[in-house]
There are 2 protein chains.
Amino acid sequence: MKASKPHLLIVEDDEVIRSVYTQYLTEAGLSVTEASTGAEARTYLASEHHDLVILDLGLPNEDGLDLIREIRKRANTPIVIVSGRSDPIERVVGLEAGADDFLVKPFLNRELLARVRAVLRRRGWEQPSGATANGVPTSGVTTFQGWRLDLPARRLESPIGDTVHVTTAEFQVLAELARRMPEPVSRRDLLALVHQREWSPADRSIDIHISNLRRKIEVDPKVPRIIIGVRNVGYALAP
Amino acid sequence: MKASKPHLLIVEDDEVIRSVYTQYLTEAGLSVTEASTGAEARTYLASEHHDLVILDLGLPNEDGLDLIREIRKRANTPIVIVSGRSDPIERVVGLEAGADDFLVKPFLNRELLARVRAVLRRRGWEQPSGATANGVPTSGVTTFQGWRLDLPARRLESPIGDTVHVTTAEFQVLAELARRMPEPVSRRDLLALVHQREWSPADRSIDIHISNLRRKIEVDPKVPRIIIGVRNVGYALAP
DNA sequence: GCCCTATGTGGCAAAATGTTAAATCTTGTA
DNA sequence: TACAAGATTTAACATTTTGCCACATAGGGC
């Protein structure tokens with residue numbers, strides 16, 4: 001199963017509110033980065049990956065909608081807006097700008113968590129516990145180009161039904177690429193997944209795993225069509 | 001981008017409200033099936049595919065949460081709940097049961113539509129506007145002078161059908177020229193696309209890419225007929 | 001025609017990526 | 001503990017892509 005936690009970016013200028021969110025969500029098993037201004041948020045957005053962004057629309061000296069568009073321009077990161085104003089039109093505008101959900105303050109921490117989880121669920125994150133009592137692991141299997149990646153069973157199945165053996169590291173790399181498909185994933189993120197270690201520009205181990213994976217799943221490893229290298233960024237799974 | 005319309009199932013016992021939803025969403029370009037009871041909903045769920053279900057929690061003789069779990073058991077169809085009660089706990093329970101969003105009546109039709117679209121967007125349905133992922137427009141195939149530029153596949157095809165290999169930077173330059181055809185595009189704009197770096201008048205890298213592109217696609221690179229240089233402005237693609 | 005600027009292009013050098021092979025580490029087992 | 005098999009990392013080298021310099025050519029104003 002997935003080893004690491006979903007990583008959130010919280011953009012909220014009020015320090016008290018921000019720390020309340022952070023504490024509650026951290027206790028719920030999520031990892032959090034905090035930003036208090038639009039500028040700070042941009043710095044984090046440029047330097048690390050986030051599985052979801054919680055954004056306060058009422059930042060001082062900042063148009064929250066612009067920030068949404070910037071996030072969408074870079075990647076398809078899910079966004080949950082929180083706002084102090086209860087104007088329905090503002091909600092429509094926020095959602096149409098690309099947000100995934102919109103909460104009006106005040107709200108229960110539980111509702112924030114429930115809505116964040118609902119969005120993450122759609123992005124391939126397992127429900128932490130209990131709630132998926134209906135036992136159908138539809139969210140545990142991803143497919144790409146006819147291949148089936150069975151997360152719970154840790155199995156990779158080819159388009160013709162054969163089970164292809166992959167090592168642990170290879171599987172984790174592939175699973176992360178699949179989860180974020182079609183966005184590219186940085187070598188740094190991929191390495192952090194397979195081994196708790198810092199990444200240096202000279203570290204080629206991810207490239208080796210990619211190379212080995214390609215030999216196993218690409219029709220012609222010389223012309224990769226499934227695992228695409230993105231220069232200066234990392235690797236992506238073609239949709 | 002998918003071709004046909006998203007198909008919705010609306011489960012709502014109040015006939016007036018139901019027809020209001022149906023009319024509004026149909027006019028917005030969605031196709032709709034209506035169900036007034038849980039039993040009717042089950043029939044439709046068993047016999048046709050839905051891209052999203054709008055479910056009223058307050059059905060008579062029916063526990064809406066059970067219906068949610070049944071839907072989740074069959075498939076991973078997105079669910080948007082609407083409810084007359086404004087109890088926050090009910091929202092949390094609904095979302096944790098597997099719903100993707102939760103609206104409390106009364107609400108604007110526009111907000112329902114915006115939330116439905118936000119969920120569909122996550123499921124891969126394109127918004128009307130030309131969203132971009134990775135800086136390259138995700139929609140469509142452009143053609144110029146017999147050449148085919150396949151944006152999603154990142155492929156360039158010659159008039160006789162051969163695939164011509166182009167590098168990432170070359171492809172992005174060509175894609176932008178194609179998008180703005182036949183208007184000329186400045187070097188500054190083009191450079192901003194391939195690499196977020198400032199442009200100085202001495203920067204010739206765009207010229208190099210143009211030169212390399214011409215060698216690949218022009219009949220006679222000495223007399224360019226496809227990529228036209230516009231003095232003091234930039235480059236344009238001939239229509 | 002002359003001069004200044006803009007553009008076209010060949011030729012490296014630097015940086016990033018793909019790949020092979022050897023070294024190192026892990027894990028299961030006797 | 002020692003061994004063997006497999007997994008992972010390191011090292012080294014090949015290849016691709018990109019940036020930049022230098023020089024040639026062309027345009028336009030005087």
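Here C:dT20 presents its C1' atom at 10 Å from CG of A:Asn212, a figure rounded to the nearest Å. Nucleotide D:dT9 holds its P atom 12 Å from the CG atom of A:Leu190, rounded to whole Å. Atom CZ in B:Arg214 sits roughly 16 Å away from atom C1' in C:dG10 (whole-Å rounding). Put simply, CG on B:Asp207 is 17 Å from P on C:dT5, counting in whole angstrom units. B:Lys216 places its NZ atom 8 Å from the P atom of D:dT18, with the value rounded to the nearest Å. For A:Ile208 and C:dG18, the CD1 to P distance is 10 Å, given to the nearest whole Å. To the nearest angstrom, P of D:dG19 lies 11 Å from CD of B:Glu170. For B:Lys222 and D:dT25, the NZ to P distance is 9 Å, given to the nearest whole Å.
When the nucleotides D:dT9, D:dT18, C:dG18 are ranked by their closest atom to the side chain of A:Ser205, D:dT9 comes out on top. Considering only side-chain atoms of A:Asn232, the nucleotide from D:dT18, C:dA16, C:dT19 that sits closest is C:dA16. Comparing D:dC20, D:dT18, D:dT10 by their closest approach to the side chain of B:Asp203 singles out D:dC20.
In this structure, A:Arg121 does not pair ionically with B:Asp100, as no charged nitrogen and carboxylate oxygen lie closer than 4.0 Å. Taking the charged nitrogens against the carboxylate oxygens, A:Glu218 and A:Arg225 have no contact shorter than 4.0 Å, which rules out a salt bridge.
Regarding contacts with the backbone of D:dT9, a side-chain N or O of A:His209 is found under 4.0 angstrom from either OP1 or OP2. Considering only side-chain N and O atoms, A:Arg231 lies nowhere under 4.0 angstrom from the phosphate OP1 or OP2 of D:dT18. Between A:His165 and D:dA7, a side-chain N or O to OP1/OP2 separation shorter than 4.0 Å is present. Side-chain nitrogen and oxygen atoms of A:Thr167 include none within less than 4.0 Å of the OP1 or OP2 phosphate oxygen of D:dA7. Side-chain nitrogen and oxygen atoms of B:Tyr235 include at least one within less than 4.0 Å of the OP1 or OP2 phosphate oxygen of C:dG8. Close to C:dT19, at under 4.0 Å from its OP1 or OP2, lies a side-chain N or O of A:Ser211. Note on A:Arg204: every side-chain N or O is 4.0 Å or more away from OP1 and OP2 of C:dA16. For A:Arg215, a side-chain nitrogen or oxygen approaches OP1 or OP2 of C:dT20 to under 4.0 Å.
Residue contacts for A:Val166: at a heavy-atom cut-off of 4.0 Å it reaches no nucleic acid atom on any strand shown.
Inspection of the A:Ser186 and A:His49 side chains reveals no N or O donor paired with an N or O acceptor under 3.5 Å. Using modelled atom types and a 3.5 Å distance limit, the side chains of A:Tyr24 and A:Arg110 yield no donor-acceptor pair. Using modelled atom types, one finds no donor on one side chain facing an acceptor on the other under 3.5 Å when comparing B:Glu176 with B:Gln172.
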